[in-house]
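All figures in this text were calculated on a predicted structure; none of them were measured in a lab. Convention: sequence-line order gives letters A, B, ...; per-chain numbering from 1.
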There are 2 protein chains.
Amino acid sequence: MYARAADGAAQDGAARPIMLTTMSTSLHHRAIENLGTRIVSGALPTGHVMLAEQLEDELKVSRSVVREAVRVLQSLGLVETIKRVGIRVLPAHRWNPFDPLVIRWRLAGDGRGAQLRSLAELRSAVEPVAAELAAANAPQAIRQELLDVSLAMRDAGEAGNVAEFLELDIKFHSLLLTGSGNEMFANLVGQVAETLTGRTVHGLMPDRPRETALQWHVDVAEAIAAADAAGAREASSRIMRETISEMEPGWRDQPRVFIPLQQG
Amino acid sequence: MYARAADGAAQDGAARPIMLTTMSTSLHHRAIENLGTRIVSGALPTGHVMLAEQLEDELKVSRSVVREAVRVLQSLGLVETIKRVGIRVLPAHRWNPFDPLVIRWRLAGDGRGAQLRSLAELRSAVEPVAAELAAANAPQAIRQELLDVSLAMRDAGEAGNVAEFLELDIKFHSLLLTGSGNEMFANLVGQVAETLTGRTVHGLMPDRPRETALQWHVDVAEAIAAADAAGAREASSRIMRETISEMEPGWRDQPRVFIPLQQG
DNA sequence: TGACACCGATGTGTGCTGACATCAAAACTC
DNA sequence: GAGTTTTGATGTCAGCACACATCGGTGTCA
């Protein structure tokens, strides 16, 4: 039994989380999650300074755990540590917007709208180029699977099977991105899945996918199968324009931020 | 004086790095850099297992430093820690390809060609869309500055002033990306600067920028100033096509990798 | 008397260490 | 071969030494 644990039980009993030892995730992970969520949500505002010792008390963990968590948050650009001052929360434009953790935290909080817009715009930029590259480079197996999935999507969409359609939609766009042979594009698979799921969950999706949109997916797959790069790009662009216009109401009120360039 | 430090001095004297205490970067940072570079370069191959204690000896640092470094590398997807086994190097497709550290390490080693291709393709996807968004949303100050910079670029390019041209080129594309009002696009500024610098340094740049390319930059700036989204996108696309065709020889021999989807 | 430079006290991140908890692989027993 | 024990690695804790930025007090000089 640790001295700290004994102290905690004696001093603040009920306030302490139960089943600490049976938590599935590590303390380290929980600390990152706790701090990251609070920073991204704005509960810990830009410029806010924390002390390592204060975090130990707050999270009821030891210095090792706090320090390792802070190091990870530092690598994400969420905080900086300054000698003699403490751990300071950095402004949002210093955060790494491509890190999966940061994206997840933003999607979970107030920043959801702005995050979805960023992701949708990124998708709209990347997917047509990915389609072009896939048409030029994808292995035969992926071309075939894209065809199969696009046809299955059309069936599921016309049948109004929302759940199956979402699953196939995610698979289609994932195949497209990995088929590009660009590892940065391929890495966006998770974010795209998040976007598509979010669109469905938030009712930004029409009851039944438009037939033209369904056909465009087939067009993309057929163009890639035929190694028609320009056709694949064009069909993919149409999908993206449609997608953006469908989702746009969800973030119309979100202000855009223009980050000043640092002297250079 | 620490026991470990004394041991090191007594036992392996000369092999130990000098001026350890006066190093500008922290031990933690050096450990990340050391391990990250070796993993990305392939010196520590996929599946290779290290022990924390062994890393302490090797890097001549304490457990705290090793553990904090490993935690950061874990958050980048470079390693995983498994109880009773050790610290295992993960395959490249698990690495976060958008993290600045990973990109820097890849650019510094054998993966340079493949990394430059990925970045160039990402740029070619993002910049036209960024130009479109900037035409719709950028504040007036950025539109004006884009115009000024594009004209200065034309002068520097025609005068054959390579250094000044590079600097203005970086500034132009940075303004474009930040002017889009998309924080993910804006975050690519550093990577774009790296690409442009690399192109110049590696002699993939023509002695003197082609006049048409110079004019295209002015076209982009003028279209954005006039809120002409389609025109900005089109002119930006031309620049990207030109850029890709100039740089393509640098990575023609790099194999593409197609990452299998995880059960989905 | 007031302004300024110097210098030490203080507090906080950085780094090191030893001890113990935990858990899964491997060895062992029946 | 199934169940149990041992083993060996990471996970966590707590205390200490150190470097160094900041602050406040003291002394000097004009």
In whole Å, what is the span from the [atom1] atom of [X] to the [atom2] atom of [N]?
| X | N | atom1 | atom2 | result |
| --- | --- | --- | --- | --- |
| Met50(A) | dG11(C) | CE | P | 21 Å |
| Asp57(A) | dC13(D) | CG | C1' | 14 Å |
| Glu80(B) | dG11(D) | CD | C1' | 16 Å |
| His29(A) | dT12(D) | NE2 | P | 11 Å |
| Glu68(A) | dT10(D) | CD | C1' | 11 Å |
| Arg88(B) | dT10(D) | CZ | C1' | 14 Å |
| Glu53(A) | dG11(C) | CD | C1' | 11 Å |
| Gln54(A) | dG13(C) | CD | P | 10 Å |

- hbond_proxy Arg67(B) side chain to dT10(D) base (donor-acceptor, 3.5 Å cutoff): no
- Please state whether the base of dG18(C) and the side chain of Arg63(B) form at least one donor-acceptor pair under 3.5 Å? yes
- Message: Under 4.0 Å, heavy atoms only, any strand: does Arg71(B) hit a base, just the sugar-phosphate, or nothing?
- Response: sugar-phosphate
- Touch check for Thr81(A), heavy atoms < 4.0 angstrom, all strands: base, sugar-phosphate only, or nothing? sugar-phosphate
- Query: Do you know which of Arg256(B), Arg117(B), Arg106(B) makes salt bridge (charged side-chain N to carboxylate O under 4.0 Å, His left out) with Glu183(A)?
  - Reply: Arg106(B)
- Query: Would one find more than 12 heavy atoms of other residues, nucleotides or ligands at under 6.0 Å from atom CG of Asn161(A)?
  - Reply: yes
Checking contacts here: which listed nucleotide ([options]) is nearest the side-chain heavy atoms of [X]?
| X | options | result |
| --- | --- | --- |
| Ala52(B) | dC20(D), dT10(D), dC16(C) | dT10(D) |
| Ser64(A) | dC13(D), dC16(C), dA21(D) | dC13(D) |
| Arg84(A) | dG15(C), dT22(D), dT10(D) | dT22(D) |
| Lys83(B) | dC13(D), dT10(D), dT7(D) | dT10(D) |

- Note on the structure: Between His28(A) and Ile82(A), whichever has its closest DNA chain D nucleotide further toward 5' is His28(A)
- Query: So, the side chain of Arg199(A) versus the backbone of Met247(A): is there a donor-acceptor pair under 3.5 Å, distance only?
  - Reply: no
- Task: Kindly indicate whether the side chain of Arg104(B), heavy atoms from C-beta on, has any atom under 4.5 Å from the side chain of Val40(B).
- Result: no
Would you give me the side-chain donor-acceptor pairs under 3.5 Å for residues 69-94 of chain B, sequence neighbours excluded?
residue	atom	partner	partner atom	Å
Arg71(B)	NE	His28(A)	NE2	3.4
Arg71(B)	NE	Gln74(B)	OE1	3.4
Arg71(B)	NH1	Glu68(A)	OE1	2.3
Gln74(B)	NE2	Thr81(B)	OG1	3.3
Ser75(B)	OG	Val72(B)	O	2.8

